[in-house]
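First the structure, in the form of structure tokens, and then the observations on it.
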Number of protein chains: 2
Amino acid sequence: MGTTKSTGFSKKQNDLVIVLRAMAHPARLAIIQHLLKVNSCIGGELVDELPLAQPTVSRHLKELKDAGIIKGTIDGVKVNYCINSKKWNLIREQLDQLFATSVKDNDCC
Amino acid sequence: MGTTKSTGFSKKQNDLVIVLRAMAHPARLAIIQHLLKVNSCIGGELVDELPLAQPTVSRHLKELKDAGIIKGTIDGVKVNYCINSKKWNLIREQLDQLFATSVKDNDCC
DNA sequence: TGTTTATATTGCAATATTACGATCTATTGT
DNA sequence: ACAATAGATCGTAATATTGCAATATAAACA
């Protein structure tokens with residue numbers, strides 16, 4: 001236990017969960033938002049932007065990369081990070097789908 | 001450690017993270033989707049829908065309730081659960097805002 | 001080659017999460 | 001009052017996550 005049970009749920013559900021998990025951390029959300037804002041790719045100046053030590057930022061970047069949300073290309077000593085636009089649009093679609101159903105006000109709640 | 005650092009991030013960021021965290025679990029996502037689908041409030045038949053034991057489902061329901069995503073009203077022995085439409089629409093807005101920025105394909109990535 | 005610079009990885013330690021069996025609580029029906 | 005039913009809570013065990021210091025790696029430059 002401590003392990004999330006993924007069997008018994010659809011692949012679609014589990015896939016979305018992976019992305020949501022990756023986004024569900026202030027540092028990682030901040031990284032995403034920063035990359036969206038500056039649009040152009042930037043290197044590890046993210047470390048200066050965040051209230052976290054360099055190894056910790058590196059770890060979060062890795063998690064975002066593993067989830068497919070960001071991409072990183074080595075540029076000499078530095079690394080350029082940016083949003084994976086293809087994946088980002090896919091996530092948008094998945095969330096649009098989730099929020100497509102209009103929620104009626106229920107009498108019981 | 002093990003604790004997520006929230007200082008140094010905006011309240012807006014931390015608030016969204018709370019919601020994303022709540023959604024970032026297959027069981028909880030499944031609960032949300034089920035409640036969206038059936039729309040009308042249902043009780044603990046969610047336990048039958050999910051591959052998890054009753055106490056575990058109860059815990060997940062509590063977490064969704066704590067995050068404000070769902071509401072539960074006692075109806076005799078049963079409990080009616082439903083999406084908190086107000087909160088749900090708010091989340092939608094927050095995500096719309098996050099995804100509002102169009103992501104250009106960057107030359108470096 | 002040696003040094004600097006930028007980033008990644010490792011190795012902890014602390015805390016959080018997940019899951020389930022057992023148990024408690026509260027309401028309904030007999 | 002007593003049993004049945006629906007949920008919540010507790011206790012516990014296993015695993016995951018987070019964060020940082022220390023260290024490793026790898027490219028650029030003297």
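Order of the sequence lines fixes the chain letters, A, B, ..., with proteins taken first and strands second; residue numbering starts at 1 for each chain.
For the pair L50(B) CG and dT18(C) C1', the interatomic distance rounds to 14 Å; values are reported in whole Å. Note: CD1 (I74(A)) to P (dT25(D)) measures 15 Å, nearest angstrom. Note: NZ (K65(B)) to C1' (dT9(D)) measures 12 Å, nearest angstrom. Across the protein-nucleic acid pair, E49(B) atom CD and dA6(D) atom P stand 16 Å apart, rounded to whole Å. When rounded to the nearest whole Å, the span between CZ of R28(A) and C1' of dA16(D) equals 12 Å. One interatomic measurement links the two molecules: CD of E45(A) to C1' of dT7(C), which rounds to 13 Å at whole-angstrom precision. Spacing between atom CG of D48(A) and atom P of dT5(C) amounts to 14 Å, rounded to whole angstrom units. To the nearest angstrom, C1' of dT18(C) lies 13 Å from CD1 of I31(B).
Here L52(B) lies in heavy-atom contact (under 4.0 Å) with sugar-phosphate atoms only. Backbone-only engagement by T3(B) is indicated by non-hydrogen atom pairs under 4.0 Å involving sugar-phosphate atoms exclusively. As judged by a 4.0 angstrom heavy-atom cut-off over every strand, E63(B) is placed among residues touching the sugar-phosphate backbone only. Here T4(B) lies in heavy-atom contact (under 4.0 Å) with sugar-phosphate atoms only.
In this model, the phosphate group of dA6(D) is not approached by any side-chain N or O of Y81(B) to a distance below 4.0 Å at OP1 or OP2. Distances shorter than 4.0 Å separate none of the side-chain N or O atoms of R59(A) from OP1 or OP2 on dT17(D). For the OP1/OP2 pair of dT18(C) and a distance below 4.0 Å, the side-chain nitrogens and oxygens of T56(B) include no atom meeting the criterion. When the side-chain nitrogen and oxygen atoms of H60(B) are compared with OP1 and OP2 of dC20(C), none of them lie within a distance under 4.0 Å. For H25(B), no side-chain nitrogen or oxygen approaches OP1 or OP2 of dA16(D) to under 4.0 Å.
When each of R92(B), E93(B), K87(B) is checked for a side-chain hydrogen bond (donor to acceptor under 3.5 Å, both in side chains) with N89(B), only R92(B) meets the rule.
Place R21(A) and A53(A) on DNA chain D by their nearest nucleotides, and R21(A) ends up nearer the 5' end. Nearest-nucleotide positions on DNA chain C place V47(A) closer to the 5' end than the other of V47(A) and G2(A). Projected onto DNA chain C by closest heavy-atom contact, V79(A) and K5(A) fall at different nucleotides, the more 5' of which corresponds to V79(A).
Counting distance only, with no hydrogens placed and no angle test, the side-chain atoms of Q54(A) and the base atoms of dA8(C) include a donor-acceptor pair under 3.5 Å.
Using a 4.5 Å cut-off between side-chain heavy atoms of Ile, Leu, Val, Met, Phe, Trp and Tyr, with links allowed through other members, I32(B) and L46(B) fall into the same hydrophobic cluster. Under the 4.5 Å side-chain contact rule for hydrophobic residues, V47(A) and I74(A) share a cluster. Both L29(A) and L36(A) are assigned to one and the same hydrophobic cluster, defined by single-linkage of ILVMFWY side chains at heavy-atom distances under 4.5 Å.
Going from atom CD of Q13(A) over to atom CG of L98(A) covers 10.0 Å, rounded to the nearest 0.5 Å.
Using a distance-only test at 3.5 Å, with no hydrogens or angles considered, no donor-acceptor pair links the side chain of R21(B) to the main chain of L16(B).
Here dT9(C) is the nucleotide among dA28(D), dT18(C), dT9(C) with the atom lying nearest to any side-chain atom of K62(A). The side chain of P55(A) approaches dT9(C) more closely than any other nucleotide in the set dA27(D), dT9(C), dG11(D). Side-chain proximity of L61(A) to dA28(D), dA8(C), dA8(D): nearest is dA8(C).
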